[in-house]
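Single-structure report; data block below.
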Amino acid sequence: MTLATFQSRRAVKIRRGLTLPVLLLVLWEVSSRSGLVDARFLPSLEEVFFTVKRELIDNNLIGELGFSLFRNVAGFLIGSVIGILFATLLALSRTADALITPTFNGLKQISLLAWIPLISIWFGFGEQAKIVFVAIAAFIPVVLNTYEGMRNAPRDLIEVGHALQFTPLQRITRIFLPSALPAIATGVHLGLIYSWLATVGAEYFLAVGPGVGGLIIAGRERFDMALVMVGVIILGVVGFILNRLAATVESYLLRWRVNVH
């Protein structure tokens, strides 16, 4: 495929991807301006734009977003690291698998929001509780995918490891982790998405503080729908960027699979 063909296909793909968002924006503006929908409930795009400008200049919108991203990154990293270690234990230890996996499979069925009362009692309502909530959201998909990836490690590689008398650490680092890398990458990708959703949930259901969730709550309490829409748009845009970033990193880390096939 030539570079010109690739760029042409990419341009077509981008245009198709933008079609629905543009149509929704047009419908939004027409509905608000024409009175089809009460402007108090659906403010015009112009009002939303001026609200963004006001929040940037007067109310430190960047700082609010920074607080949310900090909680997201902190919880995501904690949940992912612990999740990979925990899944490795379950996948490689028959005793741990027999004792812990049934309980874990039961606990994972509990809605994430159901943990909020316990988290608030154990960790309070501050930053620590919010980060723990986000970490749990990232922990579950990372564990599930890492566990499956390691359990499906090729049997011939495991036998080679035994023949070469690999130590347990060598088997983990040279056989199980590389074999499970695609599954781990998928789990981490999902963990990043879930952690961003959990970040907003933590800000919304735990104590109100700085952050995008707090921004939306402030807009709701003041019946400032333009501010609420600004928060919702920020959530969508940041979520999209995080998803694309994770997909790019995942493709880069797994580029060797293309060469293998």
Side-chain angles (χ1 to χ4, degrees), residues 63-93 96-97 99-150 172 177 180-181 183-217 231 234-235 238-247 249-250 253:
E64 300 281 350
L65 178 58
F67 275 103
S68 294
L69 289 175
F70 169 77
R71 297 179 188 119
N72 176 68
V73 172
F76 165 71
L77 291 177
I78 293 172
S80 296
V81 171
I82 296 177
I84 292 173
L85 295 175
F86 181 71
T88 301
L89 173 65
L90 297 185
L92 303 185
S93 171
D97 192 25
L99 292 176
I100 301 174
T101 298
T103 302
F104 173 75
N105 288 334
L107 293 176
K108 74 180 182 183
Q109 305 300 326
I110 300 174
S111 169
L112 188 61
L113 296 179
W115 291 102
I116 289 180
L118 288 175
I119 291 175
S120 62
I121 292 173
W122 293 340
F123 299 97
F125 290 90
E127 291 300 314
Q128 187 178 15
K130 295 175 183 178
I131 291 175
V132 169
F133 184 72
V134 175
I136 293 175
F139 174 79
I140 295 175
V142 170
V143 170
L144 294 176
N145 283 273
T146 302
Y147 177 83
E148 288 299 322
M150 290 194 172
I172 292 173
L177 281 178
L181 185 58
I184 294 174
T186 299
V188 170
H189 189 165
L190 291 173
L192 182 61
I193 295 173
Y194 293 164
S195 66
W196 177 241
L197 298 176
T199 298
V200 181
E203 294 173 349
Y204 199 86
F205 291 106
L206 292 169
V208 177
V212 179
L215 194 72
I216 295 176
I217 294 174
I234 290 175
L235 294 180
V238 173
F240 175 79
I241 292 173
L242 290 175
N243 183 46
R244 295 306 306 164
L245 178 62
V249 173
E250 183 178 356
L253 291 177

Considering only distance and modelled atom types, tabulate donor-acceptor pairs under 3.5 Å from the side chains of residues 115-126, sequence neighbours left out.
unit_1	atom_1	unit_2	atom_2	d
S120	OG	I116	O	3.1
S120	OG	P117	O	2.7

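- In this structure, the side chain to side chain contact (heavy atoms under 4.5 Å, CB included) partners of L85, at least two apart in sequence or on a different chain, are V81.
- The side chain to side chain contact (heavy atoms under 4.5 Å, CB included) search around V249 returns L245, L253, not counting sequence neighbours.
- Counting only residues at least two apart or on different chains, no salt bridge (Lys or Arg N to Asp or Glu O under 4.0 Å) pair has a member in residues 108-120.
- Under the side-chain hydrogen bond (donor to acceptor under 3.5 Å, both in side chains) criterion, S68 pairs with E203, not counting sequence neighbours.
- Not a single salt bridge (charged side-chain N to carboxylate O under 4.0 Å, His left out) links E64 to another residue, sequence neighbours left out.
- Here L77 pairs with V73 under the side chain to side chain contact (heavy atoms under 4.5 Å, CB included) rule; sequence neighbours left out.
- Atoms CG and CG, from L90 and N105 in turn, are 9.0 Å apart once rounded to the nearest 0.5 Å.
- Separation of atoms CE (M150) and CG (L181) is listed at 10.0 Å; rounding is to 0.5 Å.
- Here CD1 of I82 is found 11.0 Å from CD1 of I84. Values are rounded to the nearest 0.5 Å.
- Applying the ring pair (Phe, Tyr, Trp, His ring centres under 6.0 Å) rule to F104 yields the partners F86; only residues at least two apart in sequence or on another chain are considered.
- In terms of heavy-atom proximity, A183 sits nearest to G149 at CB-CA, 3.7 Å.
- Among pairs with a residue in residues 187-197, those fulfilling side chain to side chain donor-acceptor pair (under 3.5 Å) read N72-S195, H189-N243, H189-E250, at least two apart in sequence or across chains.
- With sequence neighbours left out, the side-chain hydrogen bond (donor to acceptor under 3.5 Å, both in side chains) criterion links T146 to no other residue.
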Take L177 and I184, measure what side chain to side chain contact (heavy atoms under 4.5 Å, CB included) needs, and give me the verdict at the end. CA-CA 8 Å; L177 281 178; I184 294 174; 3.9 Å; yes

